[in-house]
Amino acid sequence: MFLYCGIACRRKFFWCYRPLSTYVTKTRYLFELKEDDDACKKAQQTGVFYLFHGLAPLLQTSAHQYLAPRHSLLASLHKPEMETELKGSFIELRKALFQLNARDASMLSTAQALLRWHDAHQFCSRSGQPTKKNVAGSKRVCPSNNIIYYPQMAPVVITLVSDGTRCLLARQSSFPKGMYSALAGFCDIGESVEETIRREVAEEVGLEVESLQYYASQHWPFPSGSLMIACHATVKPGQTEIQVNLRELETAAWFSHDEVATALKRKGSYTQQQNGTFPFWLPPKLAISHQLIKEWVEKQTCSSLPA
């Protein structure tokens with residue numbers, strides 16, 4: 001039974017002839033830790049750690065939120081003893097992610113993605129020999145041929161389709177009951193982001209995209225580390241009839257501004273109603289799909305105001 005850790009190291013400063021911004025200082029320090037094993041070992045002596053068992057982080061419960069404690073020392077205890085000693089539990093990140101603060105959610109997501117990548121890349125794809133990670137865990141090297149492997153992310157487009165007054169939202173059978181989100185799909189080899197969006201919209205709902213606009217991006221730890229590239233897309237006028245690909249989606253539908261705005265305001269748990277249905281709700285605030293949908297609602301609200 002192993003306990004994995006991710007390091008959140010304290011910052012040090014570089015002396016040079018011109019002052020550096022805090023961001024530049026931090027970035028250069030992190031680069032040093034990635035490339036210099038001795039520097040990383042030194043930082044570990046004063047660094048703080050997130051603890052993992054397998055791919056589950058150690059979390060503590062506080063009211064309706066999870067806290068991710070960071071520790072200066074690592075104890076060589078088994079899982080039950082560790083949970084008792086540190087007054088927490090190892091909880092699946094997917095279940096806890098939306099109840100963490102933004103900083104912990106970001107760092108734990110990065111840590112889990114790295115741990116998952118290391119677990120899946122322990123052997124060289126060319127020689128078949130075991131690879132060895134550096135101290136920081138930023139790369140793996142095959143000792144037999146010196147091939148260096150770096151962690152990779154899979155690009156995923158997440159697209160909010162609209163027709164001017166409505167937006168299209170869909171759900172997969174794996175989603176929590178009642179939750180709808182924007183369309184999403186992995187980029188294929190050889191595709192641009194624009195080509196992926198057009199293909200995914202055509203494949204999943206049978207619509208043809210007319211125009212695209214980039215919104216933002218977000219790292220997402222599931223299923224194994226993805227770069228979510230969020231965009232808005234509009235469909236051709238008069239071509240809004242949805243043809244759902246049931247091999248990809250459970251259902252999809254057009255929603256009005258008022259319906260989506262109401263869903264954005266909903267808080268709390270989403271339980272089955274007396275008539276057996278579940279309320280229509282959207283991904284939590286931490287997810288980029290939520291922010292994408294929120295921006296669409298805000299733009300619609302502004303456009304409807306009198307000049």
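This is a predicted model, so every value here is computed, not measured. Values reported hereafter were calculated over all heavy atoms of this structure, with side chains retained and with hydrogens, waters and symmetry mates removed.
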- Pair Arg247 + Glu203, salt bridge at N-O below 4.0 Å: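 Answer for the salt bridge query: no.
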- Query: Can we say Glu83 and Lys79 salt-bridge, meaning some charged N sits less than 4.0 Å from an Asp/Glu carboxylate O?
  - Reply: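 Yes.
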- What class does the angle between the rings of Trp117 and His121 fall in, given that below 30° is parallel, 30 to 60° is tilted and above 60° is perpendicular?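 Parallel, since the angle between the ring planes stays under 30°.
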Gap separating the [atom1] atom of [X] from the [atom2] atom of [Y], nearest 0.5 angstrom:
| X | Y | atom1 | atom2 | answer |
| --- | --- | --- | --- | --- |
| Glu259 | Arg166 | CD | CZ | 10.0 Å |
| Glu204 | Ile242 | CD | CD1 | 12.0 Å |
| Ser217 | Ile158 | OG | CD1 | 12.0 Å |
| Gln152 | Ser224 | CD | OG | 10.5 Å |
| Glu35 | Cys40 | CD | SG | 11.0 Å |
| Glu298 | Leu264 | CD | CG | 8.5 Å |

Answer whether the closest heavy-atom distance between the side chains of [X] and [Y] falls below 4.5 Å.
| X | Y | result |
| --- | --- | --- |
| Leu55 | Leu93 | no |
| Ile288 | Met228 | yes |
| Val141 | Asn134 | no |
| Leu86 | Pro69 | no |
| Leu160 | His232 | yes |
| Pro237 | Glu210 | yes |
| Gln300 | Val260 | no |
| Asn145 | Gln129 | no |

- Task: Please determine which of Thr262, Thr301, Thr165 meets the side chain to side chain donor-acceptor pair (under 3.5 Å) test together with His257.
- Result: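 Single pass found, and it is Thr301.
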- Message: Quick check on Lys139: does its NZ atom have over 12 non-hydrogen neighbours (other residues, nucleotides or ligands) under 6.0 Å away?
- Response: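 Yes, the 6.0 Å shell around NZ holds more than 12 heavy atoms from other groups.
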- Is the number of heavy atoms from other residues, nucleotides or ligands within 6.0 Å of CZ (Phe31) greater than 12?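 Counting neighbours around CZ of Phe31, 12 or fewer heavy atoms of other residues, nucleotides or ligands fall under 6.0 Å, so no.
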Determine whether [X] and [Y] fall in the same hydrophobic cluster, where Ile, Leu, Val, Met, Phe, Trp and Tyr are linked whenever their side-chain heavy atoms lie under 4.5 Å apart.
| X | Y | result |
| --- | --- | --- |
| Tyr149 | Val135 | no |
| Leu97 | Leu292 | yes |
| Tyr150 | Leu114 | no |
| Met107 | Leu227 | no |
| Trp296 | Tyr214 | no |

- Set of side chain to side chain contact (heavy atoms under 4.5 Å, CB included) partners for Glu250, sequence neighbours left out: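 Testing Glu250 for side chain to side chain contact (heavy atoms under 4.5 Å, CB included), a comparison that skips the adjacent residues, returns Arg171, Ser173.
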- Applying side chain to side chain contact (heavy atoms under 4.5 Å, CB included), name anything that partners Lys133, two or more places apart in sequence or on another chain.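 For Lys133, the residues satisfying side chain to side chain contact (heavy atoms under 4.5 Å, CB included) (neighbours in sequence not counted) are His118, Arg140.
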Check whether any side-chain N or O of [X] sits under 3.5 Å from a backbone N or O of [Y] as a donor-acceptor pair, and report yes or no.
| X | Y | result |
| --- | --- | --- |
| Gln122 | Asp119 | yes |
| Arg266 | Phe280 | yes |
| Trp254 | Ser162 | no |
| Gln291 | Lys285 | yes |

- Task: Could you please spell out the steps behind the side chain to side chain contact (heavy atoms under 4.5 Å, CB included) verdict for Val193 and Leu212?
- Result: CA-CA 10 Å; Val193 169; Leu212 300 170; over 6 Å; no
Nearest heavy-atom pair of [X] and [Y]: which atoms, and what distance?
| X | Y | answer |
| --- | --- | --- |
| Leu33 | Ala39 | CD2-O, 3.8 Å |
| Leu282 | Tyr180 | CD2-O, 3.6 Å |
| Ser138 | Pro151 | O-CD, 3.1 Å |
| Lys177 | Trp281 | O-NE1, 2.8 Å |
| Ala113 | Gly225 | CB-CA, 4.3 Å |
| Phe123 | Gly128 | CD2-O, 3.6 Å |

- Task: Check Thr240, Val161, Val201 against Leu168 for a side chain to side chain contact (heavy atoms under 4.5 Å, CB included) and give me the one that passes.
- Result: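 So the option named by the test is Val161.
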- Query: Run the side chain to side chain contact (heavy atoms under 4.5 Å, CB included) check on Arg126 and Cys142 step by step: do they pass?
  - Reply: CA-CA 9 Å; Arg126 179 167 296 181; Cys142 177; over 6 Å; no
- Step by step, would you call Arg70 with Tyr50 a side chain to side chain contact (heavy atoms under 4.5 Å, CB included)? CA-CA 5 Å; Arg70 285 166 282 167; Tyr50 287 109; 3.6 Å; yes
- Message: Applying side chain to side chain contact (heavy atoms under 4.5 Å, CB included) to Met153 and Trp220, what does each step give before you reach the verdict?
- Response: CA-CA 9 Å; Met153 292 195 299; Trp220 192 244; over 6 Å; no
Determine all donor-acceptor pairs shorter than 3.5 Å in which one atom belongs to a side chain in residues 184-192; sequence neighbours excluded.
| residue | atom | partner | partner atom | Å |
| --- | --- | --- | --- | --- |
| Glu191 | OE1 | Asp188 | N | 3.0 |
| Glu191 | OE1 | Thr196 | OG1 | 2.7 |
| Glu191 | OE1 | Arg199 | NE | 3.4 |
| Glu191 | OE1 | Arg199 | NH2 | 3.0 |
| Glu191 | OE2 | Arg199 | NE | 2.5 |
| Ser192 | OG | Glu194 | OE1 | 3.4 |
| Ser192 | OG | Glu195 | N | 3.1 |
| Ser192 | OG | Glu195 | OE1 | 3.4 |

- Query: Does the side chain of Asp104 pick up a donor-acceptor pair with the side chain of Tyr66 at under 3.5 Å?
  - Reply: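 Result is no, nothing qualifies.
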